[in-house]
Amino acid sequence: MTTIRLRNSKTRKVEEFHPIDPENVRMYVCGPTVYDRAHLGNARPVLVFDVLYRLLRHVYGAEHVTYVRNFTDVDDKINAEAQRRKAAGDPRSLEALIAERTEETIAWYHADMDALGALRPGQEPRATAFIGQMIAMIEGLIAKGHAYEKEGHVLFRVRSYQDYGALSGRSVDDMIAGARVEVAPFKEDPMDFVLWKPSSDDLPGWDSPWGLGRPGWHIECSAMSHELLGASFDIHGGGIDLQFPHHENEIAQSACAHPEAGFANYWVHNEMLQVEGKKMSKSLGNFFTVRDLLDQGVPGEVIRFVMLSTHYRKPMDWTEKKRNEAQDELEKWALLTTDVVAAVSPPDEVVAALADDLKTSEAITQLRKLAKQGRMAELLSGIKLLGLSLPEVDEGTRDAFDWLVEGEMHRPLIEDAVRRLVEARNRKNYAEADRIRGAFTLAGVTLSFDKDGSVTFKREQNFDPAKLEALK
RNA sequence: GGCGGGUUGGCGGAGAGGUUACGCAGCGGAUUGCAAAUCCGUGUAGACCGGUUCGAUUCCGGUACCCGCCUCCA
């Protein structure tokens with residue numbers, strides 16, 4: 001059996017992966033807060049852990065891997081959007097507006113991530129469905145002296161957990177010295193964080209031993225992972241930005257609530273995404289969503305290919321150039337594998353690359369070698385393991401019409417032009433042939449001639465059907 | 001201020017203490033009416049300064065610069 005090696009943030013080393021139970025390999029990844037469309041940065045962890053999920057399924061069997069990724073549907077931003085709609089005159093209750101916002105965002109998320117070729121996790125729990133478990137966990141923490149109630153808030157007593165800061169390599173004293181912690185009068189210690197906070201009448205809340213309120217963000221993941229995967233499980237993933245404080249706090253909560261268990265054995269973090277060398281942010285004006293790219297005609301598999309061409313632990317830079325190169329390479333593979341049936345099992349080289357700490361760029365290099373060697377069945381199988389799909393590429397005169405022509409109105413025009421072109425070439429009237437080809441070029445269609453005399457089309461980015469009129 | 005990541009040829013991007021990464025672009029050739037595509041061949045590197053070593057881009061130390069997290073935005 002293939003041995004997977006993963007970089008464990010907990011030990012800062014690449015380690016061999018040995019699941020607690022090979023019959024049920026368990027992975028939890030922090031999912032989105034569902035208040036708006038997922039931006040490109042959100043897609044990176046989705047794709048990184050999708051590759052890991054596919055690898056685990058390959059190695060241990062699809063039915064022996066449990067993948068949980070949550071939806072955070074309790075959040076100020078969701079409330080704010082609902083309140084905005086209410087203020088704009090929507091007569092429905094705030095609760096209904098919140099539910100609507102949550103539902104539509106989840107549907108968007110599914111559609112966008114599906115387009116990137118990401119498999120849906122086996123379970124996608126919503127925080128609001130696990131409030132009872134959160135309350136129970138908080139009660140347990142209070143009983144053990146790890147948490148305390150103050151003014152309707154319940155806070156985690158950070159000083160009560162010896163190993164706090166171990167994951168992110170910080171000491172509590174250093175962090176306080178940094179003087180960037182929130183100072184709240186009800187905290188025993190500046191580092192203590194919220195497990196439960198009071199809610200107002202106009203915002204969602206749940207009854208609890210501490211009054212009407214709602215859970216803190218960190219307790220959601222601790223409660224859901226415990227409920228669905230148990231007190232000890234194998235892999236916990238997420239972006240490096242979540243390492244502190246979110247994951248640190250999860251560990252503190254879970255380790256204190258279930259001191260007999262190990263919580264997550266392997267912590268895997270992906271690096272951040274940049275755009276043209278800069279962090280993606282609204283203020284820099286380089287902020288865009290996955291849907292924006294898809295709407296611009298960037299295929300999901302191209303986004304996926306670009307993402308996988310950089311190792312997950314390195315900052316990934318999204319650029320126009322990479323996107324174009326990825327598209328060219330995928331089209332090339334599509335042509336190479338036309339009518340090819342994928343090999344039953346993926347090539348060892350590709351599996352080995354992924355098993356070595358998810359070296360996706362190395363896996364792509366191996367795919368290129370397979371293409372070079374003409375091992376197309378294996379190439380296709382490797383492409384599938386990476387979760388990539390290939391663009392539809394039609395070649396030849398007849399098939400090309402289907403995607404070249406925007407509406408039947410241009411078909412007679414093009415057929416006639418091609419007929420005249422072929423005739424001109426047969427008569428060796430190259431001036432006329434080049435004139436017709438030039439008109440196609442201006443319309444954004446590249447024509448080329450094969451040895452057997454057939455004509456091949458390629459639609460370019462600047463394709464403009466209106467300019468086909470010039471073919472007359 | 002604290003913690004972490006990075007700096008490789010024109011561009012992107014890997015691995016390995018000594019042997020071609022790879023892709024794109026470039027150059028030369030084959031092929032082509034001319035092209036495109038394809039095929040063959042080929043040049044260019046390791047931020048800077050020291051150290052270890054027979055030998056370092058690869059290990060160690062330092063310097064510079066870039067980026068991220070620590071703060072709602074991933």
Side-chain angles (χ1 to χ4, degrees), chain A residues 7 9 12 30-33 35-36 38-46 72 75-77 80 165 167-182 191 217 238-248 269-274 277-284 287 305-306 308-311 313-329 331-333 335-336 353 356 359-369 371-372 374 395 424-431 433-434 437-438 440-441 445-451 453 455-458 460:
Chain A
R7 207 271 187 172
S9 301
R12 288 156 228 280
C30 293
T33 299
Y35 71 100
D36 206 349
H39 65 235
L40 191 62
N42 292 316
R44 192 168 188 200
V46 172
T72 294
D75 188 86
D76 286 337
K77 290 185 286 289
L167 179 71
S168 53
R170 295 153 203 256
S171 81
V172 176
D173 293 327
D174 285 349
M175 284 186 278
I176 291 172
R180 282 185 159 180
V181 288
E182 184 192 351
M191 286 308 294
W217 174 37
I240 189 75
D241 54 319
L242 298 179
Q243 190 176 36
F244 185 89
H246 184 55
H247 292 163
E248 199 72 71
H269 290 104
N270 63 276
E271 255 294 346
M272 300 289 99
L273 176 117
Q274 301 181 328
K278 296 263 169 57
K279 176 182 173 170
M280 184 164 78
S281 72
K282 285 172 180 165
S283 55
L284 284 171
F287 183 97
F305 187 97
V306 172
L308 300 189
S309 65
T310 298
H311 185 67
R313 282 195 284 113
K314 277 196 161 187
M316 144 91 225
D317 195 17
W318 174 269
T319 63
E320 278 294 301
K321 191 162 183 277
K322 283 188 189 179
R323 154 227 194 292
N324 290 330
E325 287 186 11
Q327 187 143 10
D328 287 346
E329 188 147 27
E331 281 176 10
K332 191 170 146 185
W333 285 351
L335 283 173
L336 287 172
D356 186 9
K359 284 183 178 155
T360 47
S361 57
E362 169 66 16
I364 289 172
T365 296
Q366 293 302 330
L367 292 179
R368 287 171 179 153
K369 282 189 183 165
K372 191 109 181 157
E395 223 185 345
R425 293 193 72 228
N426 289 342
R427 289 199 310 270
K428 297 204 192 303
N429 183 352
Y430 297 120
D434 288 348
R437 183 169 57 174
F440 272 107
T441 304
V445 179
T446 301
L447 292 192
S448 51
F449 310 121
D450 290 337
K451 289 192 186 80
V455 181
T456 303
F457 293 85
K458 184 172 189 293
E460 305 295 345

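Below, read A as the first sequence line, B as the second, and so on, with proteins coming before strands; counting in each chain starts at 1.
The residue A:Gln243 sits apart from the nucleic acid: no heavy atom pair falls under 4.0 Å. Note on A:Lys428: nothing from the nucleic acid sits closer than 4.0 angstrom, heavy atoms only. Residue A:Leu273 is in base contact, counting any heavy-atom pair closer than 4.0 Å across all strands shown. Residue A:Glu329 is classed as a sugar-phosphate contact, given heavy-atom separations below 4.0 Å to backbone atoms only. Residue contacts shown for A:Thr319 are absent, as no nucleic acid heavy atom lies under 4.0 Å away. Looking at heavy-atom distances under 4.0 Å, A:Lys369 makes no contact with the nucleic acid at all. Among the heavy atoms of the strands, none lies under 4.0 Å from A:Arg44. Using a 4.0 Å heavy-atom criterion, one finds that A:Asp76 contacts no nucleic acid atom at all. If you check every strand for non-hydrogen atoms under 4.0 Å, A:His311 touches sugar and phosphate atoms only.
One finds a side-chain N or O of A:Lys322 lying less than 4.0 angstrom from the OP1 or OP2 phosphate oxygen of B:G13. A close approach under 4.0 Å does occur between a side-chain nitrogen or oxygen of A:Lys332 and OP1 or OP2 of B:C24.
Rounded to an integer number of Å, the gap from A:His39 NE2 to B:C72 C1' is 13 Å.
Counted by atom type alone, A:Glu248 and A:Ser168 present one or more donor-acceptor pairs between their side chains at under 3.5 Å. A side-chain donor-acceptor contact under 3.5 Å links A:Ser9 and A:His269.
B:U20 and B:C40 have their C1' atoms separated by 16 Å, with the value rounded to a whole Å. For the C1' atoms, the distance from B:A14 to B:A45 is 13 Å, rounded to whole Å. The gap from the P atom of B:U58 to that of B:C48 amounts to 11 Å, rounded to the nearest Å.
The listed nucleotides are B:C11, B:C73, B:C70; the one nearest the side chain of A:Lys321 is B:C11. When the nucleotides B:G12, B:C72, B:A35 are ranked by their closest atom to the side chain of A:Phe449, B:A35 comes out on top. Ranking B:A14, B:C34, B:G15 by closeness to the A:Lys359 side chain, first place goes to B:G15.
Both A:Arg12 and A:Ile240 sit near RNA chain B, but only A:Arg12 has its closest nucleotide nearer the 5' end.
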*Using the salt bridge (charged side-chain N to carboxylate O under 4.0 Å, His left out) rule, take A:Glu329 and A:Arg368 through it: C-alpha gap first, then chi angles, then the decisive distance, then the call.*
CA-CA 9 Å; A:Glu329 188 147 27; A:Arg368 287 171 179 153; 2.7 Å; yes
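No N or O donor and acceptor, one from the side chain of A:Asp317 and one from the base of B:G12, sit under 3.5 Å apart. Taking only distance into account, the side chain of A:Arg368 never meets the base of B:C24 through a donor-acceptor pair shorter than 3.5 Å.
No cation-pi contact links A:Arg425 to A:Tyr430, judged by a cut-off of 6.0 Å to the six-membered ring centre and 45° from its axis.
Pair assignment for B:C65: B:G6, on the basis of Watson-Crick or G-U wobble contacts that are both within less than 3.5 Å. The partner of B:C54 is B:G18, by the rule that a Watson-Crick or G-U pair needs both atom distances under 3.5 Å. With a cut-off of 3.5 Å on both pairing distances, the Watson-Crick or G-U wobble partner of B:G41 is B:C27.
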